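Here is the structure we will look at.
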Amino acid sequence: MNKIYTIYKKLYETYGAQGWWPFINYDGVNRAKKGVNRGYHVLDYTFPRNSDEVFEVCTGSILTQNTTFSSVVKSLENLNSKKSLTANGIESMDIQELKTAIKPSGYYNQKAEYILEFIKFYKGLNGAIPTREELLNIKGIGEETADSILLYGYNQLQFKVDAYTKRVLTELGLIDKKAKYHEIKLLMESSLKEAVEDKKDLLVIYQEYHALIVNHAKEFYSKKPYGQGCFLKDI
DNA sequence: AACCAGGACGTGA
DNA sequence: TCACGTCATGGT
């Protein structure tokens, strides 16, 4: 039991399952929580359920770059209300209409271009699972976005590292502040693979872990000085 | 009223 | 390779 897995268990004990990635069109068992947790699917790991939901994760992953997810939801709902939250739907939109729809998420000029670039690639897949290298070759998709797409859109065993992950690990002294993305990703993946007995649990752990870190970091690592009152410090 | 958010790219050194 | 500027709206 290494520290990375210990942190996961503490976070899970504290916050419970997160139901990440949330879906705009979700109408499943947690619908009762609408208004509060609308779109989340806590303890239901049967997602994405179809190609439209895969595409929703991909688009959301691009839109969420350096932006809060709540603003991404606005953009996704704008697209969805135009019945355009699909590859063909977006592709058939007027470019200005697309930009206006995703405006709430910021960087709308770039992101519109990125989404269209992705769509060209996505349609060529014909439902196949993309490789990480293929995703990284697409303009607008860097390491985190690629891992986000693979982990949540395609249920692939790829840990998603974000700014919060790096910040928390740095503050806890588990990694150097100059550590690069790949270094952090490797630490997370190797630690979890080593500590988790049943390997088929890893996917859910990867998915929950990222969401748990975000949830925790929003409370304890969003304002300086970082880590005030963080219960992870005593490990 | 600054400050920064669940990044990625282009550039110059 | 690396540091830095740029992209932009929205919440605090």
Side-chain angles (χ1 to χ4, degrees), chain A residues 7-8 11 15 17-24 37 39-40 56-79 95-119 121 130 132-153 158-172 175-185 188 206-228 230 232:
Chain A
I7 290 172
Y8 172 74
L11 291 175
Y15 305 111
Q18 299 297 298
W20 205 258
W21 187 283
F23 290 87
I24 293 299
N37 273 336
Y40 292 81
E56 183 177 328
V57 175
C58 297
T59 308
S61 295
I62 293 171
L63 288 174
T64 199
Q65 291 168 359
N66 203 33
T67 318
T68 59
F69 198 76
S70 57
S71 64
V72 174
V73 170
K74 291 175 191 168
S75 296
L76 292 177
E77 285 181 340
N78 284 343
L79 293 169
I95 182 67
Q96 277 305 327
E97 189 181 13
L98 171 59
K99 289 181 177 178
T100 300
I102 67 174
K103 204 165 185 175
S105 309
Y107 309 119
Y108 57 88
N109 289 305
Q110 302 182 10
K111 286 177 180 176
E113 178 192 346
Y114 295 168
I115 289 169
L116 291 172
E117 281 293 308
F118 174 76
I119 287 175
F121 167 76
R132 195 167 188 272
E133 288 65 33
E134 288 172 332
L135 290 171
L136 291 175
N137 281 332
I138 301 168
K139 183 179 178 184
I141 297 186
E143 297 203 89
E144 182 183 342
T145 306
D147 286 334
S148 179
I149 288 172
L150 290 169
L151 179 60
Y152 294 110
Q158 301 283 348
F159 200 91
K160 175 181 176 180
V161 176
D162 63 0
Y164 280 147
T165 309
K166 181 173 184 177
R167 184 180 301 168
V168 171
L169 293 181
T170 302
E171 293 294 324
L172 292 177
I175 204 159
D176 190 89
K177 62 179 180 295
K178 292 175 66 67
K180 301 165 84 169
Y181 186 99
H182 182 69
E183 197 177 330
I184 303 171
K185 177 181 170 73
M188 302 305 286
Y206 280 23
Q207 292 179 338
E208 292 289 359
Y209 205 160
H210 167 71
L212 285 165
I213 287 175
V214 171
N215 190 51
H216 181 69
K218 275 181 178 174
E219 183 171 355
F220 295 103
Y221 291 86
S222 55
K223 55 182 182 293
K224 294 181 180 178
Y226 296 139
Q228 290 294 309
C230 170
L232 295 175

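Values below: all heavy atoms of this structure, side chains included; hydrogens, waters and symmetry mates excluded. Below, chain A is the first sequence line, B the second, and so on; all start at residue 1. Values in this document were obtained by computation on a predicted structure and should not be read as measured data.
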Using a heavy-atom cut-off of under 4.0 Å over every strand shown, decide if I141(A) touches base, sugar-phosphate, or nothing.
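Sugar-phosphate contact only - I141(A) comes under 4.0 Å of backbone atoms but never of a base.
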
Separation of [X] atom [atom1] from [N] atom [atom2], in whole Å?
| X | N | atom1 | atom2 | value |
| --- | --- | --- | --- | --- |
| L169(A) | dG6(B) | CG | C1' | 14 Å |
| Y226(A) | dA5(B) | OH | C1' | 11 Å |
| Y221(A) | dA5(B) | OH | C1' | 18 Å |
| L136(A) | dA8(B) | CG | C1' | 11 Å |
| F69(A) | dG7(B) | CZ | C1' | 15 Å |
| N137(A) | dA8(B) | CG | P | 14 Å |
| E144(A) | dC9(B) | CD | P | 12 Å |
| I149(A) | dG7(B) | CD1 | P | 14 Å |

In 5'-to-3' order, the base (B), backbone-only (S) or no-contact (-) status of each nucleotide in nucleotides 2-12 of chain C, using a 4.0 angstrom heavy-atom cut-off, is SS---BBSSS-

Pick the [atom1] atom in [N] and in [M], then give their distance to the nearest Å.
| N | M | atom1 | result |
| --- | --- | --- | --- |
| dC7(C) | dA1(B) | P | 24 Å |
| dC4(B) | dC4(C) | P | 16 Å |
| dG5(C) | dC3(B) | P | 15 Å |
| dA2(B) | dA8(C) | C1' | 16 Å |

Return whichever of T64(A) or K139(A) has its heavy-atom-nearest nucleotide of DNA chain B closer to the 5' end.
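Nearer the 5' end of the strand: T64(A).
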
Both K160(A) and I138(A) contact DNA chain B. Which one's nearest nucleotide lies toward the 5' end?
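Nearest-nucleotide comparison on DNA chain B picks K160(A).
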
Can you tell me if the side-chain N/O atoms of T145(A) get under 4.0 Å from OP1 or OP2 in dA8(B)?
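So the side chain of T145(A) is within the cut-off, an N or O lying under 4.0 Å from OP1 or OP2 of dA8(B).
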
Taking only N and O in the side chain of R167(A), is any of them less than 4.0 Å away from OP1 or OP2 of dA5(B)?
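Checking dA5(B) against R167(A), a side-chain N or O does come within under 4.0 Å of OP1 or OP2.
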
Heavy-atom distance under 4.5 Å between the side chains of K160(A) and Y209(A), does that happen here?
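The answer is no; the side chains never approach within 4.5 Å.
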
Any heavy-atom pair between the side chains of L150(A) and R132(A) that's under 4.5 Å?
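Counting from C-beta outward, R132(A) and L150(A) do come under 4.5 Å.
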
Would you say the side chains of T165(A) and D162(A) form a donor-acceptor pair under 3.5 Å?
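Indeed, the side chains of T165(A) and D162(A) share at least one donor-acceptor pair under 3.5 Å.
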
Less than 3.5 Å apart, any donor N or O on the side chain of H216(A) or Y15(A) sitting next to an acceptor on the other?
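Y15(A) and H216(A) do have a side-chain donor-acceptor pair below 3.5 Å.
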
Short question: side chain of E208(A), backbone of Q18(A) - any donor-acceptor pair under 3.5 Å?
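Here the side-chain-to-backbone pair exists.
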
Answer yes or no on whether K99(A) is positioned over the face of Y108(A), meaning its NZ or CZ is under 6.0 Å from the six-membered ring centre and within 45° of the axis.
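Judged by the rule, K99(A) and Y108(A) form no cation-pi pair.
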
Output the distance between atom OH (Y164(A)) and atom CD1 (I213(A)), rounded to the nearest 0.5 Å.
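So the gap between those two atoms works out to 12.0 Å.
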
